[in-house]
Amino acid sequence: MNAAECDLVFDDISAVRDNKDLRPASPLKNLLFNDFWGTPMSKVTGVVGRAELLSTFFSVLLFLLYAGTSLTRWRRTATLPALLGLALFSKEQGITVVAICLAYEIFCEQQMDVKECLLTLKDIFREKPKTSPAVAKTVKRMSVLFVASILLMLWRMKIMSGQLPVFTPFDNPASTSTFPARQLTYLYLLPLNVYLLLFPNALLCDYTMGTIPLVESMSDVRNVATLAFVVLTGCLLWKVVTCRNVADRCVLVMSGAWTVFPFLPASNLFFPVGFVVAERVLYMPSIGFCLLMGYGYQSVMRCVTTQKHERVARYFFNFTVLICLIAFGTRTYVRNKDWISEDTLFRAGLKVTQKNAKVFNNIGHVLEKTKSFDEALKFFTSATKVQPDDIGAWNNVGRTLSTLNRTIEAELAWRRAKDLLPQPKPGQPYRARIAPAHLNVFLNLANIMAKNATRLEEADQIYRQAISMRGDYVEAWINRGDVLLKMNRTEEALRVYQRAAEIDPTNPDIFYNMAIVYTELGQSGKALEFFNKALKIKPDHQLALLNSAVLMTEAKQPSFHNEAEQRLQSVLKSDGDANANAYFQMGLLMMDRNDPERAEEYFVRTIELRKDHKSALFNVALLRNQKDLPEEALHFLRSLLRYYPDHVKGWILVGDICINRLKDYPEAEKAYREVLAVEPENFQAFHNLCVTLIEQDKLGEADQCMLDLADLMQNDPNYLATHWRTIYDRLHKRKLAAENGAVPLFK
């Protein structure tokens, strides 16, 4: 209960919070086929670590039901395989309970000793094999579990596609070492795990990398611990072999079975695992350890009863056991406090060891989340010093430098990380298995190149290199498509996205990108189709919702209006009413529905969120002018022209308002001259400029303006015969009036 306040930390992030299989939209069957490989957790404080607890619970329940006699044959046949499946489904070592049940059946139920077991095996493998009644009973009682375990293991191999997970040399350094370092280190890890059971003092969430140095020679003093472990194990085995008491032998065998069998999958005996030491894998073996301690306690108490001072000895020994229980309980309580947050967890690890680069990296990640990038960079850099060949650490350094806009240094860091990857041999295909996280080096390096328009070809080459290393690397396919779009190789980009969709048909971003390509190709129908595919996978895909609504609005089809509004409203709800573009599109949609009042409300809300939104400012000015509110219209136009001084339509609207609404001809003249400074042949501005000059009685300038306008429109005789002639006649009348002194003449 004292761990209830702890947050999701460490491997909980990827296995729980970011696990797509746990999202409501994911099919429940995915849990049966997608595996999240166990990773180091201390005790069972982390949510991921509780997988061991759940597996142990089902294993113990299965064992108790197997050892009991309360179940009928048919209930036994149905219940035991189901519990075995649940134990395996919770964690891989759950399958080892079958071996535990077999040990119980042979040594406890059938009461065979080691000598009888050896003779039975000899009889089975004779030329004419014969089986004893005990063997027949064992096979009969165990048959259901045997069949179930075989079927479950075949299913387990199927979902792994017959391959072991890819681990880096840092996850388990001994696995990539040579003789004798590999063998000596593996042997040393056995007494080290026993030590953690006995003295759980200096605990770590992750024992990988350099935490436990390799045992590289026979002269290493740690071999003494290995030798002591071998001697102690040999003594226990001899005790089992020589024990004549059936009850004692049963306890000893079951202690060993519960300790050894669940630990075997993590022992590196059958295949390398992705960790050096993991406290969580000791949870089920601790059952056997506790049985052995209980047996030892009972044996000591038997000896005490024969002593002269029996009562004092009993009190002293019980007091010692009580002190141990209090000490272990207190240590658990204190250790759980380290798991309150990622920061407390990793900083606690730093107190235990300075040799684990992953601890430095993890503290850096925590600091990144709080935007403390300079401080994070210090820890990432420390990780590269502790482990200079750590690809992940250099990748982290590059990413942080990029965030700090130190792009040149970032690229150097990523190139260093790339150089640490296994290099292809000339003339041979690349066959190295690389951890997926390390392939991000290629993405990061190419992404920083893609920001420079002159390096797009170079970025494309890096993406292609990543794809050649792992053909199903969907992120590389997607990013390569993005670069091809920037290079205007649209058709090729579309083919790349199609390939990405074949690899990962559940990725909504791929279909979104394909929709963008079709939009650029002018195929709105196809674009809308792929936007809808993205939304089918992820109904709350914000960009797909927004851009599909834009397409529907631009289609000018009333049948699309309701759907477009629903999608835009979804964007507004998800973004917390902070998406200016969604409000603007709602305004355009209301314009199409001939609802200017609501349109104006949405445009104003857009401006509140983005004060420099060009189209929203112009549209509000237009609507206010239509409502005969010229001063308010000019207010929004002034804001527009402050941000965009070359906005032609804005200046024209200013001029029109000043002429038609306010009769402010000097301001109108200024507006039209601003237009002509940007577009010297804009005939509408030219025409209106001439009008403002006439209205101000600047007749000389107006006369020249009319001549210039006639030259500009000489290819449009209809305009010259109508609009131009009307204005010219007005100018002629003004000139005659000026000559007669009816009005003052302005030069």
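Along the sequence shown, residues carry numbers from 1.
Here Phe289 contributes atom CZ and Leu197 contributes atom CG; the two are 5.5 Å apart, rounded to the nearest 0.5 Å. Remark: Thr120 OG1 to Gln110 CD distance equals 10.5 Å, nearest 0.5 Å. Atom CG of residue Leu189 and atom CG of residue Asn268 lie 7.0 Å apart, to the nearest 0.5 angstrom. Separating the CG atom in Leu86 from the NZ atom in Lys91 is a distance of 15.5 Å, to the nearest 0.5 Å. One finds the SG atom of Cys205 at 9.5 Å from the CD atom of Glu342 (value rounded to the nearest 0.5 Å). Here Glu368 contributes atom CD and Asn396 contributes atom CG; the two are 6.5 Å apart, rounded to the nearest 0.5 Å.
Using modelled atom types, one side-chain atom of Ser55 and one backbone atom of Ala87 make a donor-acceptor pair closer than 3.5 Å. Under a 3.5 Å cut-off, the side chain of Thr353 and the backbone N or O of Gly349 do not form any donor-acceptor pair. Panel note: side chain Glu216, backbone Thr185; no donor-acceptor pair is recorded below 3.5 Å. Using modelled atom types, no side-chain atom of Glu92 and backbone atom of Leu88 make a donor-acceptor pair closer than 3.5 Å.
With sequence neighbours excluded, the residues forming a disulfide bond (SG atoms under 2.5 Å apart) with Cys250 are Cys108, listed by chain and number.
A heavy-atom distance below 4.5 Å is found between the side chains of Leu145 and Leu62. Inter-residue side-chain proximity for Val397 and Leu401 is flagged as met; some heavy-atom pair is nearer than 4.5 Å. Residues Val260 and Pro285 are not in side-chain contact: their nearest non-hydrogen atoms beyond the backbone lie 4.5 Å or more apart. Side-chain contact check for Thr96 versus Leu264: every heavy-atom pair is 4.5 Å or farther apart. The shortest side-chain heavy-atom distance between Leu102 and Phe146 falls under the 4.5 Å cut-off. Gln93 places a side-chain heavy atom less than 4.5 Å from the side chain of Glu52. In this structure, Glu502 and Asp472 have side chains that are not in contact, with every pair of non-hydrogen atoms separated by 4.5 Å or more. Counting only heavy atoms from C-beta outward, the side chains of Val334 and Arg331 approach each other to under 4.5 Å.
Evaluation of the side-chain hydrogen bond (donor to acceptor under 3.5 Å, both in side chains) test over residues 222-240, restricted to residues two or more places apart or in two chains, returns Asp220-Arg222. For residues 180-203, no pair satisfies salt bridge (Lys or Arg N to Asp or Glu O under 4.0 Å), with sequence neighbours left out.
In the model, Tyr188 has no side-chain atom that pairs as donor or acceptor with a side-chain atom of Asn193 under 3.5 Å. In the model, Asp338 has no side-chain atom that pairs as donor or acceptor with a side-chain atom of Thr344 under 3.5 Å. Checking Tyr207 against Asn172 by side-chain atom types alone, no donor-acceptor pair falls below 3.5 Å. With 3.5 Å as the limit, one finds no donor-acceptor pair spanning the side chains of Asn395 and Asn440.
Of all heavy-atom pairs between Val441 and Lys418, the closest is CG1-N, 3.7 Å. Residues Trp394 and Pro388 share a closest heavy-atom pair of NE1-O, 2.8 Å. Between Val98 and Met142, the closest heavy-atom pair is O-CE, 3.5 Å. Residues Val240 and Arg249 come closest through the heavy atom pair O-CD, 3.8 Å. Across every non-hydrogen atom of Trp414 and Ser402, the tightest pair is CH2-CB, 3.7 Å. Of all non-hydrogen atoms in Met112 and Phe107, the two that sit nearest each other are O-CD2, 3.2 Å.
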(request) Go through the steps for Leu236 and Leu292 under the test side-chain contact (heavy atoms from CB on, under 4.5 Å), then give the verdict. (result) CA-CA 10 Å; Leu236 288 173; Leu292 190 60; 4.2 Å; yes
(request) Under the side-chain contact (heavy atoms from CB on, under 4.5 Å) rule, what do Met254 and Ile100 come out as? Steps first, then yes or no, please. (result) CA-CA 7 Å; Met254 294 315 299; Ile100 295 171; 3.6 Å; yes
(request) Any chance you could lay out the side-chain contact (heavy atoms from CB on, under 4.5 Å) test for Asp206 and Val359, step after step, and finish with the verdict? (result) CA-CA 8 Å; Asp206 194 304; Val359 175; 5.6 Å; no
(request) Take Asp389 and Arg416 through the test salt bridge (Lys or Arg N to Asp or Glu O under 4.0 Å) and record every step on the way to the result. (result) CA-CA 9 Å; Asp389 56 349; Arg416 177 69 182 273; over 6 Å; no
(request) Apply the test side-chain contact (heavy atoms from CB on, under 4.5 Å) to residues Val352 and Leu203: give CA-CA distance (whole Å), side-chain angles for both, the deciding distance (0.1 Å), then the verdict. (result) CA-CA 7 Å; Val352 175; Leu203 299 177; over 6 Å; no
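Proximity of the aromatic rings of His365 and Phe346 is defined here by a centroid distance below 6.0 angstrom, and this criterion is not met.
A cation-pi arrangement, defined by a distance under 6.0 Å to the six-membered ring centre and an angle within 45 degrees of its axis, is absent between Arg464 and Phe442.
Remark: Arg415 does not engage Asp419 in a salt bridge, criterion side-chain N to carboxylate O under 4.0 Å. A salt bridge is absent between Asp343 and Lys369: the closest approach of a Lys/Arg side-chain nitrogen to an acidic carboxylate oxygen does not fall below 4.0 angstrom.
Heavy atoms from other residues, nucleotides or ligands lying under 6.0 Å from CZ of Phe57 number 12 at most.
Of the candidates Tyr283, Phe63, Phe263, Phe63 is the only one forming a ring-ring contact (aromatic ring centres under 6.0 Å, His included) with Trp258.
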